[in-house]
Amino acid sequence: MAILSTSQSSNIEKGRKPLIPLPEIKLDQDQLLPRILQRRRSVRYFHKSPLPLETLSSLLWAAQGISSPNGYRTAPSAGALYPIILYSVVESVDSLDPGIYRYHPEGHLLERIRKGNFISSICRIALGQWWMEDCSFLLVIGADYEKTTWKYGERGIRYVHMEVGHVAQNVHLLATELELGTVVVGAFDDEKLHNLLVMNPGENPLCLMPVGIPG
């Protein structure tokens, strides 16, 4: 018979239901995902160093890549409507000029929107978070709400935000496996970032994810 601790007994006395101990988590060497989850951390300091183009490619695919012949993607989407728009602001990636690129999941392609170094501008737009300057590239996760709200109405806004979380976690977990650092940043001037990225009308930037070698 399990013996209740003093705190558990106190909870019962207050009218709460008893707490049930769960089996201990065992991180088996053959189970990759639990060990990645254990290692995942938010990283805000980076070594200013170039990364291979393959790394950017892998993280973009993890975020929004097509993973089946019928067009389903790596992150779940309400109604399979896929409102997410993904940009990469490249500072230091081998075989790729610095600039702003839009990711096209169909064909797994990058479209260069602007050429040049824009990370410092994004740091300024992100309320002076200058620690992002040392990242190798930065992902911007955005969305076109109407791609979801036409079907689900106002509730679709919530679904879009849930999808952004799925995308960000995919990126974070793969970055952890690749021994890279990243973090989700939500503080920035929406209009200025929209203009910098030359986003289409109706598209909204929702979060930033700087990526680099942990400092």
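Along the sequence shown, residues are numbered consecutively beginning with 1.
Nearest heavy-atom pair across Val90 and Phe137 is CA-CB, 4.0 Å. The heavy-atom pair separating Ser136 from Val93 by the smallest distance is O-CG2, 4.2 Å. The shortest non-hydrogen separation linking Thr74 to Ala62 is OG1-O, 2.8 Å. In terms of heavy atoms, Pro34 sits closest to Leu27 at CB-CD2, 3.7 Å. Taking all atoms of both residues into account, the shortest heavy-atom contact from Asp97 to Tyr101 is O-OH, 2.6 Å. Scanning all heavy atoms of the two residues, the minimum distance from Phe46 to Val211 falls at CE2-C, 4.2 Å.
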Inset, instruction - Let me see the working for Thr149 and Val160 under side chain to side chain contact (heavy atoms under 4.5 Å, CB included), right down to the final yes or no. - result: CA-CA 9 Å; Thr149 56; Val160 170; 5.8 Å; no
Inset, instruction - Start with the C-alpha distance between His161 and Tyr145, add both sets of side-chain angles, then the distance that settles side chain to side chain contact (heavy atoms under 4.5 Å, CB included), and finish with yes or no. - result: CA-CA 9 Å; His161 293 165; Tyr145 288 109; 2.7 Å; yes
Inset, instruction - Output, in order, the C-alpha distance, side-chain angles, deciding distance and verdict of side chain to side chain contact (heavy atoms under 4.5 Å, CB included) for Leu51 and Ile213. - result: CA-CA 8 Å; Leu51 291 175; Ile213 297 172; 3.9 Å; yes
Inset, instruction - Go through the steps for Tyr103 and Glu111 under the test side chain to side chain contact (heavy atoms under 4.5 Å, CB included), then give the verdict. - result: CA-CA 6 Å; Tyr103 178 57; Glu111 174 191 4; over 6 Å; no
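The number of heavy-atom neighbours closer than 6.0 Å to NZ of Lys48, taken from other residues, nucleotides and ligands shown, is above 12.
For the side chain to side chain contact (heavy atoms under 4.5 Å, CB included) test with Tyr87, the passing option among Ile141, Ile113, Leu138, Leu110 is Ile113; the others fail.
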Got a list of side-chain donor-acceptor pairs under 3.5 Å for residues 180-200, not counting sequence neighbours?
residue	atom	partner	partner atom	Å
Thr182	OG1	Pro210	O	2.7
Asp189	OD1	Glu191	N	3.1
Asp189	OD1	Lys192	N	3.0
His194	NE2	Asn200	O	3.2
His194	NE2	Glu203	O	3.3
Asn195	ND2	Glu191	O	3.3
Asn200	ND2	Glu203	OE2	3.2

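Once rounded to the nearest 0.5 Å, the distance linking CD1 of Ile84 with OG1 of Thr148 reads 8.0 Å. Here OG of Ser88 is found 4.5 Å from CG of Leu56. Values are rounded to the nearest 0.5 Å.
Using a cutoff of 4.0 Å between basic side-chain nitrogens and carboxylate oxygens, Glu133 and Arg124 are not scored as salt-bridged.
With hydrogens and angles disregarded, no donor-acceptor distance shorter than 3.5 Å links the side chain of Ser77 to the backbone of Pro83. A donor-acceptor contact shorter than 3.5 Å links the side chain of His172 to the backbone of Arg41. A donor-acceptor pair is defined here as one N or O able to donate and one able to accept, closer than 3.5 Å; such a pair exists between the side chain of Tyr82 and the backbone of Arg73.
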